Student: 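If you scroll down you'll find the structure; I have some questions about it.
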2 protein chains.
Amino acid sequence: MSVTLKRIAKECGYSVTTVSRALAGYDDVNETTRQRILEVAHNLGYQPNLVARQLQGQRTFTIGIITPPQIHHHEDDFFSLLIKGVNYAAAQYHYDLLISSRFPGTEEMDTYRRIVGGNRVDGMIVARTYQDDPRITYLQSIEHPFVVAGRSAPDLPSDFPYIDADSRVGVQMLVRHFIHYGHRHIGLILPPESVAFTAYRHAGYRYAFQDAGLTYHPEYVATGDLGEAGGYEAACTLLDRTPELTAIVACNDLMAFGAMAAVHARGRRIGEDVAVGGFDDIPAAQHAMPPLTTVRQPIYEIGERLTEMLVRIIADEPPAETQILIEPALIVRASSGQPRPQ
Amino acid sequence: MSVTLKRIAKECGYSVTTVSRALAGYDDVNETTRQRILEVAHNLGYQPNLVARQLQGQRTFTIGIITPPQIHHHEDDFFSLLIKGVNYAAAQYHYDLLISSRFPGTEEMDTYRRIVGGNRVDGMIVARTYQDDPRITYLQSIEHPFVVAGRSAPDLPSDFPYIDADSRVGVQMLVRHFIHYGHRHIGLILPPESVAFTAYRHAGYRYAFQDAGLTYHPEYVATGDLGEAGGYEAACTLLDRTPELTAIVACNDLMAFGAMAAVHARGRRIGEDVAVGGFDDIPAAQHAMPPLTTVRQPIYEIGERLTEMLVRIIADEPPAETQILIEPALIVRASSGQPRPQ
DNA sequence: GACACTATCCGAAACGTTTTGGATCGCCCA
DNA sequence: TGGGCGATCCAAAACGTTTCGGATAGTGTC
């Protein structure tokens with residue numbers, strides 16, 4: 001069907017070897033022959049079969065990333081942003097991107113094994129780490145190049161290349177901001193324990209209280225999955241259990257949106273009655289009603305830099321720094337309300 | 001390095017053929033031998049080399065999509081949504097997704113040729129059609145499976161599988177809605193002519209005027225690229241040239257955001273002084289301030305359905321309908337303001 | 001006239017699969 | 001006892017490239 005080297009070779013009377021070398025620009029082929037071969041190749045519309053090339057060269061120039069499936073529209077702009085960043089950088093390095101979506105769990109691990117073990121990619125980008133992440137264990141065990149968006153939980157070693165925002169500092173800044181605004185009863189919505197960054201964000205919350213000389217109330221803390229619905233439920237729990245809360249910190253923007261909805265549903269005004277803060281600064285945060293105070297983590301840039309790091313690791317020229325902690329930024333918006341009198 | 005059939009064969013004393021057939025479940029291998037082979041394969045952690053399989057089978061079980069690079073965060077949720085839908089459906093059919101990002105133009109065409117001609121994918125999804133789209137011409141000329149999100153401009157044949165929203169009807173609904181609300185001076189921000197859907201949306205605008213017995217003013221129409229900045233500039237042009245405008249229809253949500261900013265920058269209130277409408281209903285539209293009236297196009301679902309269509313075309317079992325026009329829905333939000341007195 | 005050297009070309013192997021078309025052996029039946 | 005048949009196995013080719021290690025012929029040198 002499609003045009004191969006063999007076809008070109010037949011067409012112009014040279015061997016496959018010579019055609020291959022002519023096209024590759026080796027200097028052991030006569031200049032006039034090369035011209036002839038180039039001409040025939042062009043006329044026939046030759047495109048090298050990349051799969052064959054991959055097999056022979058044991059290189060794919062492709063990087064892989066597996067995301068959770070996103071059924072609803074607004075779910076998880078985190079991955080969208082990350083992918084945009086990765087995609088952009090990958091193109092610059094002449095890499096393609098192979099994406100597959102699976103729910104975390106065995107199915108996801110099978111996909112890792114299939115794609116990585118099946119030699120479909122030169123490297124992997126792992127996002128949103130779990131505690132004791134089996135994907136990382138696997139990639140380390142077979143010594144396959146990979147980089148991680150995020151790192152291990154605080155008590156485990158992060159002995160792999162990663163870029164992560166300093167979650168602890170981020171949440172700490174946010175809580176301190178609320179304390180500054182005069183809040184004393186501040187709720188926290190954490191992700192499940194299994195998510196690696198949970199402990200960092202929890203610590204940031206506790207540190208801020210400690211710094212301010214306030215006592216930590218465990219009943220001010222609830223857990224939600226990372227979606228909007230989870231945030232809604234967790235906020236409901238908090239608001240009903242401890243009505244004295246005047247602020248809620250959610251561990252990502254999506255859950256913060258849910259929390260805002262919960263506050264709203266109870267007839268209380270966001271910002272004025274109950275301040276709400278999030279984490280990530282996804283695009284929707286800025287457009288939310290009211291705009292959401294949050295901790296900005298440069299997801300797009302993290303995607304870009306991770307890709308660069310991965311490409312260099314693949315080329316066996318790892319950059320000097322392969323474990324990068326990014327200082328997040330506090331973005332104050334209307335969901336903070338005004339500083340409270342007294 | 002990695003485990004191959006040859007390695008397993010050596011390990012358990014059978015030929016590569018037998019190992020291959022044992023693993024593939026053919027019944028011409030003895031049950032006890034199969035068990036033995038399965039065991040060895042499992043112990044060695046065998047994963048079939050997918051690249052080799054692709055080369056031999058001339059099938060990749062991968063579909064490709066090329067998007068424009070998205071440098072800024074909020075730019076173009078259209079492609080994000082489409083990809084989410086495609087990704088989700090692809091996983092269901094056990095296909096992977098190969099993504100590359102290029103700016104439209106020769107570089108994009110080269111990438112098409114490289115990926116499609118290079119046999120990296122079984123099928124392609126083409127998004128956001130141009131007038132007389134060279135990508136489509138190319139794919140048709142080599143008879144490679146593909147489906148399109150969008151169709152040709154009205155005066156050209158759309159002789160390929162596609163799913164598209166009925167843009168004309170969508171804009172018509174939106175403009176009629178504004179007319180209903182009492183607006184008589186309604187601006188329109190169109191994309192460049194080269195975008196295939198421009199003519200449809202323009203027609204919708206004209207039809208709505210005609211239906212209402214109003215005259216069409218060419219000076220109420222401006223052009224912007226499809227981004228927020230383009231919408232801002234076009235809206236500025238319109239507002240300054242024809243200050244009598246009380247409503248602006250932008251041909252996508254991003255440009256509508258830009259238009260809102262322009263209205264705001266002139267000290268006029270969105271909705272109350274100047275109503276604004278968009279097209280697409282990307283997630284941000286709902287969270288905008290004020291929330292944006294728009295024409296909803298189910299992008300995620302289009303991605304899903306396109307993927308299903310493509311998979312069936314690849315399998316040579318094309319569905320009955322391969323040219324689908326979707327009726328969009330008018331979503332009225334606060335950017336419409338209130339019906340005007342008189 | 002033999003040797004070395006260069007320029008140009010090519011055969012064969014390899015990458016890891018799957019598939020085609022047998023080969024071998026034991027058994028049954030006429 | 002030989003022919004046929006089923007069960008089990010395998011060698012070789014093929015997918016399209018790249019690369020290794022020559023082969024060949026022409027040219028120049030001593």
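The structure displayed is predicted, hence computed values, not measured ones. Here is the naming used below: chain letters follow the sequence lines, and residue numbers restart at 1 for every chain.
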Student: For A:Gln92, give me all partners under side-chain hydrogen bond (donor to acceptor under 3.5 Å, both in side chains), at least two apart in sequence or on another chain.
Tutor: none
Student: Which parts of nucleotides 5-11 of chain D does protein reach within less than 4.0 Å, heavy atoms only, written one letter per nucleotide 5' to 3' as B for base, S for sugar-phosphate only and - for none?
Tutor: ---BBBB
Student: Need one value for B:Thr4: base, sugar-phosphate or nothing, where a base atom within 4.0 Å counts as base even if backbone is also close, heavy atoms only.
Tutor: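 Sugar-phosphate contact only - B:Thr4 comes under 4.0 Å of backbone atoms but never of a base.
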Student: Can you tell me the distance, in whole Å, between the CG atom of B:Leu5 and the P atom of D:dC15?
Tutor: 19 Å
Student: Grab the CG-P distance between B:Leu23 and C:dG16 for me, whole Å please.
Tutor: 16 Å
Student: Can a donor-acceptor pair be found between the side chains of A:Glu31 and A:Gln35 at a distance below 3.5 Å?
Tutor: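 A:Gln35 and A:Glu31 do have a side-chain donor-acceptor pair below 3.5 Å.
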Student: Take the protein atom CD1 of B:Ile8 and the nucleotide atom C1' of C:dT17, then report the distance between them rounded to whole Å.
Tutor: 12 Å
Student: Can a side-chain donor-acceptor contact be found between A:Ser15 and A:Thr18 if the only test is distance below 3.5 angstrom?
Tutor: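 Short answer, yes.
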Student: Is any side-chain heavy atom of A:Leu50 closer than 4.5 Å to a side-chain heavy atom of B:Asn119?
Tutor: no
Student: Roughly how far, to the nearest 0.5 Å, is the CG atom of A:Asn49 from the CG atom of A:Leu5?
Tutor: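 Going from CG on A:Leu5 over to CG on A:Asn49, the span is 9.5 Å.
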Student: With a 4.0 Å cut-off on N to O distance, would you call A:Glu301 and A:Arg305 a salt bridge?
Tutor: no
Student: Rounded off to whole Å, could you give me the NZ-to-P distance for the A:Lys6 and C:dG11 pair?
Tutor: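 One finds 13 Å between P of C:dG11 and NZ of A:Lys6, rounded.
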Student: With no hydrogens and no angle check, is any side-chain donor or acceptor of A:Thr60 less than 3.5 Å from a backbone partner on A:Asp122?
Tutor: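 It does hold such a pair.
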Student: Is it the case that over 12 heavy atoms from other parts of the model lie below 6.0 angstrom from the CG atom of B:Asp28?
Tutor: yes
Student: List in numerical order all residues of residues 40-56 of chain A for which some heavy atom is under 4.0 Å away from an atom belonging to DNA chain C.
Tutor: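 Here the set is A:Leu55, A:Gln56.
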Student: Taking atom C1' of C:dT8 as reference, at what distance in whole Å does atom CZ of A:Arg36 sit?
Tutor: 17 Å
Student: Without decimals, in angstroms, what is the distance between A:Asn119 CG and C:dT17 C1'?
Tutor: 12 Å
Student: It should be established whether B:Tyr26 places a side-chain nitrogen or oxygen under 4.0 Å from OP1 or OP2 of nucleotide C:dT19.
Tutor: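 Yes.
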Student: Under 3.5 Å, which protein N or O atoms sit close to an N or O of nucleotides 24-27 of chain C? Give each pair with its distance.
Tutor:
none

Student: Looking only at side chains, do A:Thr62 and B:Arg120 share a donor and an acceptor under 3.5 Å apart?
Tutor: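 The criterion, which ignores hydrogens and geometry beyond distance, is satisfied for B:Arg120 and A:Thr62.
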Student: Quick one: list whatever passes side chain to side chain contact (heavy atoms under 4.5 Å, CB included) with A:Thr111, sequence neighbours left out.
Tutor: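 Checked A:Thr111 against side chain to side chain contact (heavy atoms under 4.5 Å, CB included); matches are A:Ile66, A:Ser100, A:Arg102, A:Arg114, A:Ile115.
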Student: Tell me, which pairs form a ring-ring contact (aromatic ring centres under 6.0 Å, His included) where one or both residues lie in residues 2-61 of chain A, sequence neighbours left out?
Tutor: A:Phe61-A:Tyr95
Student: Rounded to the Å, how far apart are A:Arg7 CZ and D:dC15 P?
Tutor: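 Atom CZ in A:Arg7 sits about 14 Å away from atom P in D:dC15.
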